[in-house]
2 protein chains.
Amino acid sequence: MVTIRDVAKRAGVGVGTVSRVLNNSANVSAQTRLQVLAVIDELNFRPNPIAQRLPRQETLTIGVILPFFTFPFFVNILEGIHAEISEAGYDLLVMNVDSPEKSEQYFGKAVFGRRFDGVIVVTLPLSDQYVELFAKNDLPVVLVDSFHPQISAITVNNVVGGALATQHLIDKGHTKIAYIGDNQNDLFGFHTTQLRLHGYQQTLRDNGIAPNPNWIFQGNQGKGSGVQGANYLLSQDPTPTAIFAYSDTVALGVVEVAEERGLRYPNDFALIGFDDIEISQYIGLTTVRQPMQEMGKQGARQLINLLAHPSDVKAIELPLQLVERKSTNFIRG
Amino acid sequence: MVTIRDVAKRAGVGVGTVSRVLNNSANVSAQTRLQVLAVIDELNFRPNPIAQRLPRQETLTIGVILPFFTFPFFVNILEGIHAEISEAGYDLLVMNVDSPEKSEQYFGKAVFGRRFDGVIVVTLPLSDQYVELFAKNDLPVVLVDSFHPQISAITVNNVVGGALATQHLIDKGHTKIAYIGDNQNDLFGFHTTQLRLHGYQQTLRDNGIAPNPNWIFQGNQGKGSGVQGANYLLSQDPTPTAIFAYSDTVALGVVEVAEERGLRYPNDFALIGFDDIEISQYIGLTTVRQPMQEMGKQGARQLINLLAHPSDVKAIELPLQLVERKSTNFIRG
DNA sequence: CGCTATAATGGAAACGTTTCCAGTTGCAGA
DNA sequence: TCTGCAACTGGAAACGTTTCCATTATAGCG
């Protein structure tokens with residue numbers, strides 16, 4: 001194993017000089033620099049990254065705590081984060097929360113484990129208690145798709161999203177509009193379901209439509225919510241003509257039930273989702289697009305900025321966009 | 001920052017003893033151990049992971065080199081790897097190959113960068129040159145969905161997979177069967193397209209059907225291959241009645257074109273894909289399932305085993321499974 | 001030509017662990 | 001009581017860098 005001392009000896013300089021060359025520090029003469037670089041090349045020397053981190057008191061590692069990392073929404077956010085973080089030369093360590101307990105566990109690990117220079121938390125809420133702990137340990141945090149007043153956060157406005165979806169259905173002539181939510185995440189403390197529901201109800205009222213409590217269903221597990229919700233709504237009398245699903249995944253459950261019963265959008269009913277995951281374009285699902293990758297990128301950028309300027313806390317809200325497809329386009333026969 | 005020396009001093013023992021307690025080494029009396037643990041708890045001491053790695057000469061980090069990590073196939077493999085690796089207490093560093101050059105770059109980084117205790121390479125082929133370099137640097141490698149005779153590998157049999165798909169279509173009464181491949185990956189050196197094609201041709205011949213070269217199309221970009229392939233096949237005379245798509249993603253492109261032209265499976269044509277990604281169940285696509293997550297898990301396990309027993313090289317072949325859905329089930333009207 | 005400020009340089013100390021060697025202790029057996 | 005061995009313990013050295021301080025060389029200036 002070639003060390004910095006081998007290089008120094010062979011180049012006839014001190015280890016400090018080699019280190020300065022490696023780190024592009026000032027105060028190395030051009031000639032010495034070239035000479036050292038030649039030896040580095042000759043011996044094929046690469047500094048040991050672990051040994052570099054010890055005296056620097058940095059881990060050069062960023063931790064990401066996120067739930068369900070195989071779900072398209074999270075994969076896309078993660079991709080954005082990953083791209084920015086590795087670009088900046090940091091390592092990325094993913095902590096995948098697949099059960100509610102793990103959430104606490106990873107927060108603790110992040111704070112006390114001395115493993116990260118900074119942490120990005122996706123979707124999961126951060127309690128005041130942990131906000132304080134992170135602050136006390138000088139560990140910068142950024143929230144993506146989650147919010148806390150004292151922490152840098154990248155969000156979309158879910159109330160507005162709910163309104164966008166609902167208004168679109170109203171514009172298409174619907175008045176009997178149902179909402180299928182998803183409480184799965186309540187276990188983890190997400191609260192986006194409530195926000196979108198709020199936007200939905202508000203928009204109905206703004207348009208002079210009284211929300212019908214029988215047309216609001218809260219399921220508890222992604223696609224399963226859609227299955228349960230669709231079956232529930234079909235048992236109501238009257239049935240709604242349009243459904244706003246909490247997410248595209250929930251919408252998939254609705255599609256499944258509809259298909260079994262021989263119902264097809266856009267003519268038998270209208271359907272709108274949320275997120276715009278890849279699958280949605282293939283099934284012609286109208287949806288509210290979240291800029292997932294961009295959310296990840298911006299989160300990573302905020303964190304990297306925070307590493308240099310610890311007090312530069314910012315809250316950024318990214319825009320949502322309605323993507324209109326077949327599922328809300330009633331075709332007059 | 002609390003160090004091991006603070007703990008030692010407060011507990012009235014030597015640093016060696018504290019270290020032995022931390023690492024559950026033998027030769028610490030029960031009483032001393034309890035006393036040290038009490039102080040660790042009292043001072044809330046956590047060993048600095050970076051400092052541990054330096055004298056141990058380990059990074060406790062595994063590198064994964066894989067292409068397109070947002071594609072469902074790779075996400076699923078990655079999930080399997082991640083679960084096993086973090087279970088074993090290692091960090092996982094993902095290197096996402098999204099352009100052919102990056103592949104080489106990451107291999108070099110893995111070998112020379114001194115960052116990993118071991119490496120998992122997914123789908124990308126490993127050249128003899130790198131096999132030698134990895135060996136020379138004592139860096140264990142495992143291949144997942146790729147193969148090299150001197151390296152531990154987890155594979156499926158793509159020739160058999162091609163045969164499975166083709167035989168299924170023949171069993172359903174088809175004789176005019178097309179194949180749409182995907183050369184995108186040729187840039188990266190994948191060769192699964194050729195293997196599946198081989199299985200397809202062999203099976204046709206085994207059933208006394210002469211492969212028609214006009215019904216073989218090699219596209220070059222996932223869904224795009226399907227789009228191009230479908231348009232090409234529809235321009236042939238005669239047109240095939242069944243299509244075997246290299247992957248589910250390619251099949252999605254076929255579906256898109258078919259829909260535009262008012263054609264629907266299973267009655268207008270039959271379609272079979274490969275992989276069984278999540279979307280396939282929603283669109284009723286018959287496919288050949290790869291045990292993606294299991295491939296990742298087994299790969300990780302092999303690597304962890306290799307860390308302890310460097311010469312225990314194994315090649316494991318996992319079974320494929322035909323998943324029959326609507327897209328190949330012609331309904332007699 | 002001497003003086004001073006500045007640039008360049010060498011190398012010791014530090015980062016926080018693990019590991020190993022040299023003791024020390026305690027106890028069984030004679 | 002003494003001997004020998006095993007169990008336990010302390011702490012120095014080592015891991016491979018960075019950083020900082022002391023020192024030397026260089027250049028500019030009057």
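Here is the naming used below: chain letters follow the sequence lines, and residue numbers restart at 1 for every chain.
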[X] side chain vs [Y] backbone, donor-acceptor pair below 3.5 Å:
X: N96(A); Y: F68(A); value: yes
X: D41(B); Y: L37(B); value: no
X: Q35(A); Y: A11(A); value: yes

So which of residues 3-13 of chain A are in contact with DNA chain D, with a heavy-atom cut-off of under 4.0 Å?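 Under 4.0 Å from DNA chain D: T3(A), I4(A), R5(A).
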
Where along residues 52-61 of chain B does a heavy atom fall under 4.0 Å from DNA chain D?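 By residue number: L54(B), P55(B), Q57(B).
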
Using whole Å, what does the distance between atom C1' of nucleotide dT18(C) and atom CG of N24(B) come to?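 Whole-Å distance recorded here is 15 Å.
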
Return the value, rounded to whole Å, for the distance between atom CG of N27(A) and atom C1' of dG10(C).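 Interatomic distance, CG of N27(A) to C1' of dG10(C): 14 Å.
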
Quick check: do D128(B) and H148(B) have side-chain heavy atoms less than 4.5 Å from each other?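 Of all side-chain heavy-atom pairs linking H148(B) with D128(B), at least one is under 4.5 Å.
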
Would you check if S19(A) and I4(A) make a side-chain contact, meaning some heavy-atom pair closer than 4.5 Å?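 When only atoms from C-beta onward are counted, I4(A) and S19(A) do touch, with a gap below 4.5 Å.
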
Using a heavy-atom cut-off of under 4.0 Å over every strand shown, decide if S19(A) touches base, sugar-phosphate, or nothing.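 Base contact.
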
May I ask you to verify if any side-chain N or O of S29(B) is less than 4.0 angstrom from the OP1 or OP2 atom of dC8(D)?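 No, S29(B) has no side-chain N/O under 4.0 Å of OP1/OP2 on dC8(D).
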
How bent is the helix from dC1(C)-dG30(D) to dA30(C)-dT1(D), comparing axes over its five end pairs at each side, to the nearest 10°?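 End-to-end axis angle: 40°.
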
If only side-chain N and O atoms count, and only distance matters, is there a donor-acceptor pair under 3.5 Å linking D275(B) with Q290(B)?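 D275(B) and Q290(B) do have a side-chain donor-acceptor pair below 3.5 Å.
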
Taking atom types as modelled and ignoring hydrogens, do the side chains of E294(B) and Q298(B) form a donor-acceptor contact shorter than 3.5 angstrom?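 Yes, side-chain donor-acceptor contact under 3.5 Å.
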
Please work out which of the three classes, parallel, tilted or perpendicular, describes the rings of [Y] and [X], given edges at 30° and 60°.
X: F69(B); Y: H82(A); answer: perpendicular
X: F107(A); Y: Y130(A); answer: tilted
X: F71(B); Y: F74(B); answer: tilted

Any residue in residues 31-49 of chain B with a heavy atom nearer than 4.0 angstrom to DNA chain C? Just list them by number, or reply none.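 Contacting residues: F45(B), R46(B), P47(B), N48(B).
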
Would you check, one step at a time, whether the test side chain to side chain contact (heavy atoms under 4.5 Å, CB included) holds for I154(B) with D145(B)? CA-CA 6 Å; I154(B) 317 293; D145(B) 187 42; over 6 Å; no

Using residues 44-53 of chain B as the side-chain source, report each donor-acceptor pair under 3.5 Å to any protein atom, sequence neighbours left out, with the distance given to one decimal.
from   : atom 1 : to     : atom 2 : distance (Å)
N48(B) : OD1    : I50(B) : N      : 2.8
N48(B) : OD1    : A51(B) : N      : 3.2
R53(B) : NE     : P49(B) : O      : 3.4
R53(B) : NH1    : T59(B) : O      : 2.8
R53(B) : NH2    : D91(B) : OD2    : 3.4

Answer yes or no: is there an ion pair linking R10(A) with D6(A), defined by an N-O contact shorter than 4.0 Å?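 Looking at D6(A) together with R10(A), the answer is no, because their closest N to O distance does not fall below 4.0 Å.
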
Under a 4.0 Å threshold between the charged nitrogen and the carboxylate oxygen, would K297(A) count as salt-bridged to E79(A)?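 Not counted as a salt bridge, because no side-chain N and carboxylate O are separated by less than 4.0 Å.
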
So how far is it from L93(A) CG to S86(B) OG, rounded to the nearest 0.5 Å?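 Rounded to the nearest 0.5 Å, the CG-OG separation comes out at 8.5 Å.
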
Do nucleotides 20-27 of chain D as a string where each nucleotide becomes B, S or -: B if the base has a protein heavy atom under 4.0 Å, S if just the sugar-phosphate does, - if no protein is that close. B-------

